[in-house]
Amino acid sequence: MKLTIDDVRSRFIKHFDGTTGTVYAAPGRINLIGEHTDYNGGFVFPGAVEQGIIAELKPNGTRLIKAYSIDLKDYYEFSLDDEKGPRSTHFRYIFGVAKEMMKLGVKVEGFNIAFAGDVPQGSGMSSSAALESCVAYALNDTFNGNIDPMTLAKVGQATEHNYVGVKCGIMDQFAAMHGKKNNLMRLDCRSGEFEYFPWQPKGYKLVLINSCVKHELVGSPYNERRESCERVVAAVKAFKPEAETLRDCTWEDLEKVKEQISEVDYRRAKFVLGEVDRVLAVCEALKQNDYETVGEKMYETHDGLSKDYEVSCEETDYLVDIARDCGVSGARIMGGGFGGCTINLVQKDLYPTFIEQVKANYNEKFGKACKIIDVVIGDGARKLC
Ligand code: GLA
């Protein structure tokens with residue numbers, strides 16, 4: 001079921017004494033290729049999806065944020081002047097964004113907010129970035145912040161770092177802010193430059209298969225992966241002081257430090273260097289409409305994420321194996337990892353057979369259902385009414 005403005009407005013009216021505010025939306029995202037490259041200064045290739053967060057917001061003339069989560073039926077009030085803020089993660093996102101906006105000099109005042117989402121949580125589709133980006137966009141608009149979209153994306157990222165404890169990169173919030181219907185985006189996370197790539201592949205469909213293993217980055221080994229990468233950069237820095245991230249390290253640099261770093265860190269870095277190359281290879285292939293090469297690279301990414309970066313799990317590995325067995329062009333685990341969705345590039349004529357097989361096999365093996373999500377590339381954060 002698709003979330004509508006009215007789903008949110010009717011709740012806002014009910015909870016905030018018959019008033020109405022302004023309604024905003026921000027999307028979740030997919031990522032065709034380029035995983036765990038963002039915090040390494042590499043390339044990513046995301047696109048916004050139709051699913052997202054809708055939030056209605058109205059200033060209330062106090063210093064309080066009065067927030068209602070429609071999905072969780074949870075209401076909480078907290079002050080903009082609090083140091084620590086609320087404990088529940090969904091409210092911390094709102095608190096963190098408001099605080100980070102204030103750091104940038106935006107004169108945020110108290111507000112009422114009701115919000116709901118249709119991005120499946122823990123699916124690797126960035127439901128949290130959708131919420132952060134929706135609130136950042138809304139506060140910027142409501143309190144005349146005049147802040148550009150990339151800085152708003154960084155507000156969401158800083159919220160993850162400073163209020164949630166996930167040392168994420170910029171991909172998710174970037175995609176939520178900059179998404180454009182029927183376009184993917186290649187972002188260079190080192191320079192911040194990006195380019196839109198129209199995405200309407202002839203003869204292929206993108207489909208997500210949600211393993212329904214909830215991926216949770218808070219408290220997960222996500223931050224440890226980042227630390228592995230940073231240790232490798234520190235070793236390279238000894239002879240190449242200008243190296244800031246793995247993006248600045250070559251394959252030769254990596255070989256030079258191989259003996260000084262752990263075998264695990266070496267494998268992590270090897271994956272990242274390969275992944276940066278794969279994004280560029282995919283862009284070249286897309287220019288030639290060569291979707292088979294795109295798919296091959298996706299499988300390579302999955303193998304790297306599974307064996308070298310070790311962020312897959314039994315269920316997502318199995319989903320990719322089924323795709324391979326069915327002859328699907330490309331498949332891989334998507335997002336931070338540890339569960340969530342696989343993204344599949346499927347030939348249109350194979351689609352019905354693949355979906356049937358994947359549902360039946362998954363059910364048989366794990367005794368539970370996986371969920372099919374057809375990808376529709378949508379717009380980024382915006383005002384709805
Ligand atoms: C999560 C993070 C992103 C990115 C991906 C992996 O979604 O939020 O910044 O690192 O994992 O590519």
Side-chain angles (χ1 to χ4, degrees), residues 26-49 52 89 93 96 119-133 136 150 153-179 184-190 192 194 208 210 214-230 245-247 268-269 271-276 278-279 282 297-298 301-302 304-306 308-313 316 332-343:
R29 59 111 190 87
I30 54 124
N31 184 26
L32 186 64
I33 199 151
E35 222 63 89
H36 292 274
T37 45
D38 56 357
Y39 54 84
N40 285 303
F43 294 98
V44 291
F45 209 94
V49 291
T89 320
Y93 290 128
V119 185
Q121 278 183 18
S123 64
M125 293 172 72
S126 294
S127 54
S128 55
L131 177 56
E132 291 148 7
S133 304
M150 190 60 108
K154 289 181 184 160
V155 162
Q157 184 192 23
T159 299
E160 293 280 351
H161 286 206
N162 302 334
Y163 297 88
V164 187
V166 177
K167 302 287 179 201
C168 66
I170 193 66
M171 168 169 73
D172 306 351
Q173 293 81 4
F174 162 82
M177 290 304 312
H178 298 81
L184 300 183
M185 299 162 281
R186 185 185 66 194
L187 170 68
D188 179 337
C189 299
R190 181 168 65 182
F194 65 95
L208 306 181
N210 190 352
K214 277 218 170 180
H215 108 138
E216 182 62 82
L217 295 185
V218 186
S220 79
Y222 179 91
N223 290 349
E224 285 169 23
R225 297 297 181 279
R226 188 173 182 147
E227 285 157 19
S228 275
C229 298
E230 286 166 359
T245 61
L246 279 181
R247 171 76 183 284
R268 307 282 193 250
F271 166 76
V272 172
L273 263 58
E275 186 69 356
V276 172
R278 275 188 289 277
V279 180
V282 159
K297 296 288 162 193
M298 290 168 74
T301 292
H302 183 78
L305 286 169
S306 178
D308 291 330
Y309 220 66
E310 293 178 291
V311 291
S312 187
C313 66
T316 43
R332 64 177 196 81
I333 186 173
M334 186 183 78
F338 314 105
C341 291
T342 60
I343 178 167

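Read the numbers this way: they start at 1 and go in the same order the structure lists the ligands and their atoms.
- To the nearest 0.5 Å, the span separating CG on N31 from OG1 on T37 amounts to 7.0 Å.
- From E275, atom CD reaches atom CG of D308 across 11.0 Å, with rounding to the nearest 0.5 Å.
- Ring-plane geometry between Y39 and Y222 is classed as perpendicular, the angle between the planes exceeding 60 degrees on a 0 to 90 degree scale with a lower cut at 30.
- Distance check, rounded to the nearest 0.5 Å: CD of E230 to CG of N40 gives 8.0 Å.
- Within 4.0 Å of ligand 1, counting heavy atoms only, the contacting residues are R29, E35, H36, D38, Y39, C168, G169, M171, D172, L217, Y222, G335, G336.
- The aromatic rings of Y309 and F271 sit tilted relative to each other, their planes meeting at an angle between 30° and 60°.
- The NE2 atom of H302 lies 8.5 Å from the OG1 atom of T342; values are rounded to the nearest 0.5 Å.
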